[in-house]
Undergrad: 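Here it is, the structure, as structure tokens.
Numbers restart at 1 for each chain; the letters A, B, ... are given by sequence-line order, proteins then strands.
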Amino acid sequence: MTGPRVRFAPSPTGFLHVGSARASLFNWLFARQTGGTFILRIEDTDAERNRPEWFGAITSAMTWLGLDYDEGPFLQSELLADHAASAEALFANGYLYACDCTREEIDERLKHHAKPGYDGYCRDRQVARSERTALRFRVPEGGVTVVPDLIRGDVTFPHDSYEDFIVVRSNGVVLYPLANAVDDRSMKITHIIRGEDLLPTTPKQVMMWEALNHCDGIEPVDHPHYAHLPLLVNDQRKKLSKRKDPVAVESYRDQGYLSDAMVNYLALLGWSPKGDVEIVGRDTMIAQFRLEDVSHSPALFDVKKLLHMNGEYLRMLTTEQFVEAAQPWVAPWGSEWRPTNYEAPWTERQFDPALFRQVAHLVQERVGTLGEIAAMVSFFFLDDVPYDEAAFDKTIRHDEVAKALLASAIETFGSVEWTAVVLHDATLALGTAFDLVLRKSQAPIRCAVTGTLVGPPLFESMELLGRDEVIRRLRAAVARAGE
RNA sequence: GGUCCCAUCGUCUAGUGGCCUAGGACAUCACCCUCUCAAGGUGGAGGCACGGGUUCGAAUCCCGUUGGGACUGCCA
């Protein structure tokens with residue numbers, strides 16, 4: 001394999017962040033288009049923040065999204081020896097120096113200076129290394145580092161704006177900028193595609209990459225190409241927050257968003273396919289994707305548009321596919337995967353798969369997510385109609401005409417041919433007798449049969465429910481109104 | 001404060017000097033369809049942040065202003 005090599009390198013925080021998912025998607029699209037290699041690397045060096053058991057959430061979310069990787073997952077925690085060796089080489093070649101300053105001491109010294117950070121106090125003190133010393137990188141004095149970015153062009157950073165940053169903590173852990181660069185070198189990464197928030201730290205990595213290339217005994221490696229993707233922001237125009245914003249990909253899956261819709265929507269954030277069509281499959285995205293075409297400005301993650309797009313995808317499904325996709329929400333007990341903290345409104349005994357199959361097309365064009373299905377069809381399976389009290393009061397309990405109409409309906413429906421068309425006509429005739437238009441005459445019947453005023457088409461629903469059950473419900477509603 | 005990034009309808013975007021009277025999508029409004037709710041159809045409103053330049057010609061190139069954001073940790 002001689003194509004580009006790219007990697008997705010998330011830290012395991014318990015779920016896949018939508019911003020990370022998009023970064024992963026763009027890496028994947030680039031790799032698939034160029035015949036390159038897509039590598040998954042879990043950045044778990046910060047033992048205090050990372051939970052080993054959490055990276056499973058990342059791989060399962062990626063699998064759901066269809067972002068298959070060619071190598072990995074590699075755990076950065078298993079590459080610690082490499083990091084340490086590189087740090088030693090940098091130290092031996094004079095690029096790193098020991099520092100025993102505490103944060104307090106530095107703050108004290110810098111109290112009267114406007115510029116925060118580090119003052120270079122230990123730069124030339126030849127401090128002996130100990131378990132109290134960290135290793136800092138000797139940032140070149142003067143000059144600049146240029147980051148070649150495929151999306152933004154060359155970005156120039158003056159060295160003066162960088163303090164001598166810490167590379168190795170006093171406890172021996174090699175920090176992100178070096179660990180990341182070392183792994184990218186050993187994995188022969190050619191293109192680093194990641195979020196724009198990492199752009200300011202990129203010069204550190206470039207400087208260390210360059211320093212490594214000049215260390216004795218280390219084979220020089222070509223610098224990679226960079227591509228910094230625009231940030232995903234919330235309606236405050238701030239970077240998506242793990243605390244305040246719904247960012248877990250898993251939660252969208254739980255709500256019943258389709259993988260294809262999610263991927264399509266994510267791709268549209270910062271990129272767009274040719275022409276006026278936005279609904280495009282993975283093949284089209286792979287064929288048309290260009291890093292050069294990626295937008296420069298932050299994009300707002302708009303759930304409304306995602307919801308619309310999901311509805312479009314839901315409606316493109318055949319009824320069979322729709323029924324299949326709905327299983328985790330309508331029959332979770334028989335489903336391999338099921339949404340977390342979810343319970344169907346009915347029991348396995350109450351649920352009738354054959355009936356659901358017949359009902360499915362009635363809801364397929366009405367829902368935005370698979371998670372909305374159950375509430376819409378629960379009246380088919382529940383023995384006790386789930387009444388919307390406000391609707392019941394308004395259309396039945398406090399309406400004497402409606403009560404009389406229901407009584408007539410019970411009589412009429414007892415003998416008519418049991419098809420949606422006939423039921424429609426019968427209700428129309430019933431309405432005429434009471435001087436009501438169909439929209440009015442169907443309301444109390446709908447409420448009595450389904451419990452609410454909104455839902456799937458009434459007459460088809462009644463046909464599927466059957467004469468006996470419908471009449472039972474009409475009687476129950478009349479009795480209930482008389483209580 | 002410093003460094004860097006960014007700037008087309010409310011939102012996501014098309015647009016790479018003349019095809020722009022700025023196109024599409026979501027949201028929104030109206031109408032149509034209609035047994036409810038949706039879905040669907042038709043139509044409307046809505047934008048090049050501002051100021052200078054360059055050019056015969058600028059949404060597109062340059063400069064400045066303003067505004068927004070990211071980073072600035074012994075996190076990643």
Undergrad: Quick one: look up who B/U60 pairs with, Watson-Crick or G-U, both distances under 3.5 Å, and put none if it's unpaired.
TA: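 Pairing partner: none.
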Undergrad: Applying a 3.5 Å limit to both distances, which nucleotide forms a Watson-Crick or G-U wobble pair with B/U3?
TA: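 Paired with B/U3, as far as the under-3.5 Å criterion goes, is B/A70.
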Undergrad: With the threshold set at 4.0 Å, does a side-chain nitrogen-carboxylate oxygen contact exist between A/Glu43 and A/Arg41?
TA: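 Answer for the salt bridge query: yes.
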Undergrad: At under 4.0 Å between heavy atoms, what does A/Phe459 touch on the DNA or RNA strands: base, sugar-phosphate, or nothing?
TA: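 The answer is base, as A/Phe459 lies within the cut-off (heavy atoms under 4.0 Å) of a base atom.
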Undergrad: For B/A76, which nucleotide in any strand shown is its Watson-Crick or wobble partner with both distances under 3.5 Å?
TA: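 Across any shown strand, B/A76 pairs with none.
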Undergrad: Please state the P separation for the pair B/C74 and B/G69 - nearest whole angstrom.
TA: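 Those two atoms are separated by 25 Å.
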Undergrad: Using a cut-off of 4.0 Å on non-hydrogen atoms, how would the nucleic acid contact of A/Thr156 be classed: base, sugar-phosphate, or nothing?
TA: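 Sugar-phosphate: the residue A/Thr156, judged by heavy atoms under 4.0 Å, touches backbone atoms but no base.
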Undergrad: Any salt bridge linking A/Asp184 with A/Arg7? Criterion: basic side-chain nitrogen under 4.0 Å from a carboxylate oxygen.
TA: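 Salt bridge: yes.
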Undergrad: Describe the nucleic acid contact of A/Glu312 in one word from base, sugar-phosphate, nothing, applying a heavy-atom distance below 4.0 Å.
TA: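 Sugar-phosphate contact only - A/Glu312 comes under 4.0 Å of backbone atoms but never of a base.
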Undergrad: Using 4.0 Å as the upper bound for N to carboxylate O, is an ion pair formed by A/Glu88 and A/Arg129?
TA: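 Judged by the 4.0 Å cut-off on N to carboxylate O distance, A/Arg129 and A/Glu88 do form a salt bridge.
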Undergrad: If B/G46 has a Watson-Crick or G-U wobble mate with both distances under 3.5 Å, name it; if not, just say none.
TA: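 Result: none.
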Undergrad: Check every strand shown and say whether A/Leu231 touches a base, only sugar-phosphate, or nothing at a heavy-atom separation below 4.0 Å.
TA: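 Sugar-phosphate, no base atom in range.
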Undergrad: Between the protein and nucleotides 9-14 of chain B, are there any N/O to N/O pairs under 3.5 Å, and if so, what are the atom names and distances?
TA:
| residue | atom | partner | partner atom | Å |
| --- | --- | --- | --- | --- |
| B/U11 | O3' | A/Arg237 | NH2 | 3.4 |
| B/C12 | OP1 | A/Arg237 | NH2 | 2.3 |
| B/C12 | OP1 | A/Leu300 | N | 3.2 |
| B/C12 | O2' | A/Leu268 | O | 3.0 |
| B/U13 | OP1 | A/Gly270 | N | 2.8 |
| B/U13 | O2' | A/Ser272 | OG | 3.4 |

Undergrad: Start at the 5' end of RNA chain B and walk down; is the nucleotide closest to A/Tyr176 or to A/Asp154 reached first?
TA: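 With A/Tyr176 and A/Asp154 compared, the 5'-side residue is A/Asp154.
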Undergrad: A/Leu438 near the nucleic acid: base, sugar-phosphate alone, or nothing, with a heavy-atom cut-off under 4.0 Å?
TA: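 Touches sugar-phosphate only.
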Undergrad: Nearest of B/C4, B/A76, B/C35 to any side-chain atom of A/Ser11?
TA: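 Among B/C4, B/A76, B/C35, the one nearest the side chain of A/Ser11 is B/A76.
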Undergrad: At a heavy-atom distance below 4.0 Å, what parts of residues 358-379 of chain A sit against RNA chain B?
TA: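 Of all residues in residues 358-379 of chain A, the ones placing a heavy atom under 4.0 Å from RNA chain B are A/Glu365, A/Arg366.
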Undergrad: Would you please classify the geometry between the A/His424 ring and the A/Phe459 ring as parallel, tilted or perpendicular, with 30° and 60° separating the classes?
TA: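 Rings of A/Phe459 and A/His424: perpendicular, as their planes differ by over 60°.
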Undergrad: Taking the minimum atom-to-atom distance to the side chain of A/Lys304, which one of B/A76, B/C4, B/C26 wins?
TA: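 From the listed options, B/C26 comes nearest.
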Undergrad: Using purine N1 to pyrimidine N3 plus N6-O4 or O6-N4 for Watson-Crick, or N1-O2 and O6-N3 for G-U wobble, both under 3.5 Å, which nucleotide pairs with B/C26?
TA: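 Paired with B/C26, as far as the under-3.5 Å criterion goes, is B/G10.
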Undergrad: Can you say whether the rings of A/Phe413 and A/Trp418 are parallel (under 30°), tilted (30 to 60°) or perpendicular (over 60°)?
TA: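 Judged by the thresholds at 30° and 60°, the geometry between A/Phe413 and A/Trp418 is perpendicular.
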Undergrad: Base, sugar-phosphate, or nothing: which does A/Arg194 touch, judged by heavy atoms less than 4.0 Å apart?
TA: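 Nothing, no heavy atom under 4.0 Å.
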Undergrad: Going by an N to O cut-off under 4.0 Å, is there a salt bridge joining A/Asp124 and A/Arg138?
TA: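 Looking at A/Asp124 and A/Arg138, the cut-off is met.
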Undergrad: Taking 4.0 angstrom as the limit, do A/Glu196 and A/Arg152 come out as a salt bridge?
TA: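 Yes.
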Undergrad: Could you check whether A/Cys447 gets within reach of a base, just the sugar-phosphate, or nothing at all, counting any heavy atom under 4.0 Å?
TA: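 If one applies the 4.0 Å heavy-atom cut-off, A/Cys447 turns out to touch nothing in the nucleic acid.
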Undergrad: Output yes when A/Asp100 and A/Arg125 qualify as a salt bridge under the 4.0 Å nitrogen-oxygen rule, no when they do not.
TA: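 Here A/Asp100 pairs with A/Arg125 in a salt bridge, since their nearest N and O are under 4.0 Å apart.
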Undergrad: Base, sugar-phosphate alone, or nothing: which one does A/Leu135 contact when heavy atoms must sit under 4.0 Å apart?
TA: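 Touches nothing.
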Undergrad: Quick check for you: among B/C35, B/G73, B/U3, whose closest atom lies nearest to any side-chain atom of A/Arg103?
TA: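 Of all the options, the side chain of A/Arg103 is nearest to B/G73.
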Undergrad: May I ask you to evaluate whether A/Arg315 reaches the phosphate of B/A39, defined as a side-chain N or O under 4.0 Å from OP1 or OP2?
TA: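 Answer is no, no contact under 4.0 Å.
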Undergrad: Please determine, for the side chain of A/Leu175, which listed nucleotide (B/C5, B/C35, B/C74) has the closest atom?
TA: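 The answer is B/C74, which lies nearest to the side chain.
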Undergrad: Looking at A/Lys238 and A/Asp245, is there a salt bridge between them, counting it only when a charged N and a carboxylate O are closer than 4.0 Å?
TA: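 No.
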Undergrad: In Watson-Crick or G-U wobble terms, both distances under 3.5 Å, what is the partner of B/C31?
TA: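 By the stated definition (distances under 3.5 Å), B/G41 pairs with B/C31.
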Undergrad: Just how far, in rounded Å, is P of B/U36 from CG of A/Leu436?
TA: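 After rounding, the reported distance stands at 14 Å.
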Undergrad: Where does the angle between the aromatic ring planes of A/Phe289 and A/Trp271 fall among parallel (under 30°), tilted (30 to 60°) and perpendicular (over 60°)?
TA: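 A/Phe289 vs A/Trp271 ring planes: tilted.
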